[in-house]
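Report on one structure; see the data block that follows.
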Amino acid sequence: MMWKKFTVSLWLTLSAALSFACAFYDVPQGNFIYMFKTYDYDENNLWNDIYYKPKQDNISFWFRYSQGRVDKKSIEQALYQCGADEIGKGNNRFFAYLNETGDADALLYWTINKTFSEKTDDPWYYPNRSEKQKIAALADNLEKTLSDCKSELLKERFVYLTMRISFYVKQYESCKTLWEQHRGNWHDSELRRKCLLYYAGALFYTGENAKAADIYADNGDWISLHSFDKSVDFMRELYAASPSSKAFMFFVQKYVNRYQDKQASIDCSDFTALCRKVVSEKKSDNPALWQSALAHIAFLQGDVKKAVELIEKASGMKGYPMTMENIRMLQLLYHAADHDATDYDKKMYKDLPWLLEKVSSLDNYWADNGKGYEHHLHMLSRIILRHAFPHYVKSGNSNMAAALLNAYDEAYCDGKEKRDKMRRDPADSGSYEYYTHYFRYLDTTSIENVKKFLTFVKSGGKTPLEKSLIRSGYVSESMMNELIGTKYMRIYDYTSAISYLEKVKPFFWKKQNITENLTCNPFREKWIGSDSLRGGRYRTYNPAEEYDRNPGKLQFCKIMHNLEQRQLTMSDVEDLAEAHYAYAVGVAQAGGWCWALTEYATGSMLMGSFCSFSNGEKLKYENNGWDYMSSKSYMLQQRCKIISTNLAAAENRTTDREFAARCRYMRASTALEPSQAQHFLRQLTSNYSNTQFVSGESRHCDILSDYK
């Protein structure tokens with residue numbers, strides 16, 4: 001029974017804190033897919049507010065009441081584990097003390113409290129008429145005792161318990177009368193607040209909704225407001241009764257966000273008329289709320305210019321702190337969306353550094369109810385990713401586009417402590433986080449844009465916004481040089497790639513999360529199934545062995561540059577054929593199986609998707625602007641052209657049939673079109689069937705065996 005009685009006490013504590021005008025699970029946490037937010041509710045504090053803190057306060061009260069003669073553990077057991085039948089037994093030290101001192105008032109209070117708890121311990125319990133009468137009789141007994149109670153502190157608990165029981169049996173008028181009779185000065189402010197919320201619940205059920213809403217909002221009980229009529233008509237009624245009601249923070253936010261969801265089906269003319277009326281009459285102490293609602297309605301309707309005009313007026317009006325903070329974020333959002341503004345940077349600078357700092361200082365990036373981002377982060381994401389960044393890309397200002405994303409990713413970083421610790425290390429030379437928006441943009445834009453951005457960062461910027469974003473961001477020169485070098489590798493300019501990769505500090509290479517992947521040798525043919533046949537036929541120069549000695553991007557570029565020079569200077573046809581073949585192998589595998597040479601572990605999102613040449617067919621016609629998918633599609637076709645040209649040169653020059661068979665097999669393995677691959681395989685098995693290469697590889701390749 002002990003666990004059951006504990007549950008009973010918990011349920012009653014919950015029911016005391018929530019005045020039944022709402023559902024317990026419907027917690028208005030704020031809307032994290034919305035932009036308009038003017039009230040807040042912290043779900044993390046819900047359990048503490050309605051159970052743990054009241055429990056500890058209750059134990060402390062009765063400890064003081066017993067003048068410290070009963071230990072708190074015995075009091076906790078009496079309050080939360082004992083039943084009504086144990087009060088007179090004397091087994092519990094607290095109840096024994098009340099009996100010893102002859103405290104009739106306290107004994108009566110706990111007898112009725114425990115009796116009521118036991119009758120209503122099950123939340124699914126629905127009492128019949130007879131049972132309701134018995135429960136109501138408990139309240140009647142308490143009312144008779146109120147006037148005779150000698151202790152003022154205990155009398156407050158009698159009032160609370162009486163109101164609680166009256167509310168339970170739906171005697172709302174009695175509940176209201178009790179409060180109105182005892183609404184004077186209370187010693188226990190939290191107990192007074194609970195009684196006031198029961199009073200508000202009674203008002204709600206007797207039709208005095210405006211008055212009830214006012215009380216709920218004043219006491220921060222946003223949950224109960226969910227049960228109210230959220231129409232414009234009710235807002236008019238509430239305004240007439242209480243022009244400065246805090247409940248409007250809830251109702252206005254709900255209406256505006258519902259309009260965002262169902263704009264096509266809602267006629268907001270009545271609402272906007274009410275907003276203008278409230279602003280013009282100057283009766284509200286929070287007019288900025290109503291003005292900002294007008295601005296956001298205009299923004300949702302697509303009239304950015306009007307939204308900017310209205311929100312700027314709202315920023316100069318009187319408003320509650322959260323209302324004004326919301327206006328500040330909305331103003332920044334509207335300015336970010338106003339791409340035609342001539343003073344775009346100046347307006348962005350006004351509040352963007354503030355919001356970046358707000359997000360950077362957050363302890364938790366996620367909404368308490370698990371429904372999305374924390375509101376400041378959500379707004380920053382909208383402002384930068386949806387409006388400001390596309391504006392700078394479209395206008396050709398790649399420096400500001402990259403700087404915005406860099407500042408955003410610095411503010412929104414899951415591992416701030418780890419990152420900051422790493423950067424305090426004197427040996428640090430950059431970040432290895434390739435999943436950020438900032439890096440992905442640099443990874444997909446042109447080489448010239450990346451080089452310009454590095455120069456831009458070193459300059460420190462000219463305008464206040466440029467300077468601010470550069471200070472907010474973090475740029476590693478080693479990472480930038482490594483990226484520029486890698487981008488040159490993608491267009492097969494190995495000379496330029498070397499000049500940038502040589503600037504990268506040794507510490508940076510060690511920190512990359514692709515270091516282990518770079519050990520995959522790009523000059524050992526991955527498509528060849530037989531281990532003994534991979535990396536063969538390197539007579540005068542063996543790039544596979546050279547790469548193994550010092551694997552990495554710089555070494556690869558030096559080998560490829562050497563192969564290019566050999567193609568220009570060598571006279572021996574077999575050595576020249578070998579140089580063409582090795583070059584084709586390097587190009588093929590640097591963009592495929594050895595993807596870490598030209599791609600990044602997470603930044604490029606390629607991990608396997610493009611590591612096979614067979615994906616070329618579906619990518620050939622992609623055209624997504626600056627998006628990486630289209631650039632990769634182009635790269636894939638260009639790569640295949642280079643591979644095909646070099647393999648044709650190698651096969652045409654060599655007189656070695658074994659080497660020619662190897663060339664033909666690679667052409668089949670790297671062909672873009674499936675029909676081309678089949679054509680080369682048929683030629684291989686018919687023209688080179690008597691070679692050791694075809695014979696050895698057939699035992700490892702089922703497809704090759706099928707063409708025999």
Side-chain angles (χ1 to χ4, degrees), residues 1-18 45-123 125 134-135 137-139 141-146 148-165 168 182 186-195 198:
M1 279 294 291
M2 185 177 291
W3 69 268
K4 186 174 182 182
K5 289 172 182 175
F6 179 84
T7 307
V8 171
S9 301
L10 171 59
W11 176 256
L12 290 173
T13 308
L14 296 177
S15 64
L18 308 174
N45 292 326
L46 177 62
W47 203 245
N48 182 60
D49 289 344
I50 64 178
Y51 177 63
Y52 289 111
K53 186 177 182 301
K55 176 182 176 181
Q56 295 307 315
D57 290 348
N58 204 19
I59 293 170
S60 297
F61 170 80
W62 290 106
F63 179 74
R64 293 192 302 272
Y65 187 86
S66 66
Q67 301 177 353
R69 296 179 185 177
V70 182
D71 63 280
K72 288 188 176 182
K73 186 175 181 181
S74 297
I75 292 174
E76 181 178 2
Q77 184 184 36
L79 271 53
Y80 296 98
Q81 296 176 10
C82 292
D85 58 338
E86 297 177 56
I87 293 176
K89 292 181 179 179
N91 295 330
N92 178 269
R93 183 71 193 90
F94 175 67
F95 288 136
Y97 167 80
L98 295 180
N99 281 295
E100 289 167 7
T101 56
D103 193 337
D105 289 342
L107 286 168
L108 176 63
Y109 172 81
W110 277 110
T111 299
I112 294 177
N113 192 330
K114 294 289 185 180
T115 302
F116 173 62
S117 298
E118 289 173 4
K119 286 183 178 295
T120 59
D121 63 346
D122 187 350
Y125 164 71
K134 290 178 182 178
I135 294 172
L138 297 175
N141 289 336
L142 283 168
E143 285 196 68
K144 293 172 185 176
T145 310
L146 273 173
D148 300 329
C149 182
K150 299 178 180 62
S151 168
E152 287 298 320
L153 291 176
L154 191 55
K155 183 178 287 188
E156 289 178 358
R157 275 172 159 65
F158 274 117
V159 173
Y160 164 66
L161 184 57
T162 308
M163 289 186 70
R164 187 172 129 196
I165 297 173
Y168 182 85
H182 300 279
W186 283 55
H187 298 85
D188 191 325
S189 59
E190 183 58 28
L191 205 60
R192 179 187 183 279
R193 177 178 174 270
K194 290 178 179 178
C195 289
Y198 275 122

Any side chain to side chain donor-acceptor pair (under 3.5 Å) pairs touching residues 88-100, not counting sequence neighbours?
->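 Every pair satisfying side chain to side chain donor-acceptor pair (under 3.5 Å) with a residue in residues 88-100: Q77-N92.
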Cation-pi between R157 and Y65: NZ/CZ under 6.0 Å from ring centre and within 45° of the ring axis?
->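 Judged by the rule (NZ or CZ under 6.0 Å from the ring centre, within 45° of its axis), R157 is not positioned above Y65.
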List the atom of S117, the atom of R164, and the distance in Å for their closest heavy-atom pair.
->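 Smallest interatomic distance, heavy atoms only, reads OG-NH2, 4.0 Å.
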Looking only at non-hydrogen atoms, find the nearest pair between I87 and L107 and report the distance.
->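 Looking at all heavy atoms of both residues, the closest pair is CG2-CD2, 3.8 Å.
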Under the side chain to side chain donor-acceptor pair (under 3.5 Å) test, which residues partner T111, sequence neighbours left out?
->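 In terms of side chain to side chain donor-acceptor pair (under 3.5 Å), with neighbours along the sequence ignored, T111 is linked to no residue.
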Between E156 and D188, is there a donor-acceptor pair closer than 3.5 Å when you use the side chain of the first and the backbone of the second?
->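 Confirmed, E156 side chain pairs with D188 backbone.
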Hey, is the main chain of F63 close enough, under 3.5 Å, to the side chain of K72 for a donor-acceptor pair?
->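 No: the side chain of K72 does not pair with the backbone of F63.
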Y109: what forms a ring-ring contact (aromatic ring centres under 6.0 Å, His included) with it, not counting sequence neighbours?
->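 Result, ring-ring contact (aromatic ring centres under 6.0 Å, His included) vs Y109: W62, F158.
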Parallel, tilted or perpendicular: which fits the ring planes of F94 and W110, with parallel below 30° and perpendicular above 60°?
->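 Correct class here is perpendicular.
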Evaluation steps, side chain to side chain contact (heavy atoms under 4.5 Å, CB included), between S151 and D105 | CA-CA 9 Å; S151 168; D105 289 342; 5.9 Å; no
Between E190 and R193, is there a salt bridge with N-O shorter than 4.0 Å?
->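 So R193 pairs with E190 through a salt bridge.
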What distance do K155 atom NZ and H182 atom NE2 have between them, rounded to the nearest 0.5 Å?
->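 The NZ atom of K155 sits 7.5 Å away from the NE2 atom of H182.
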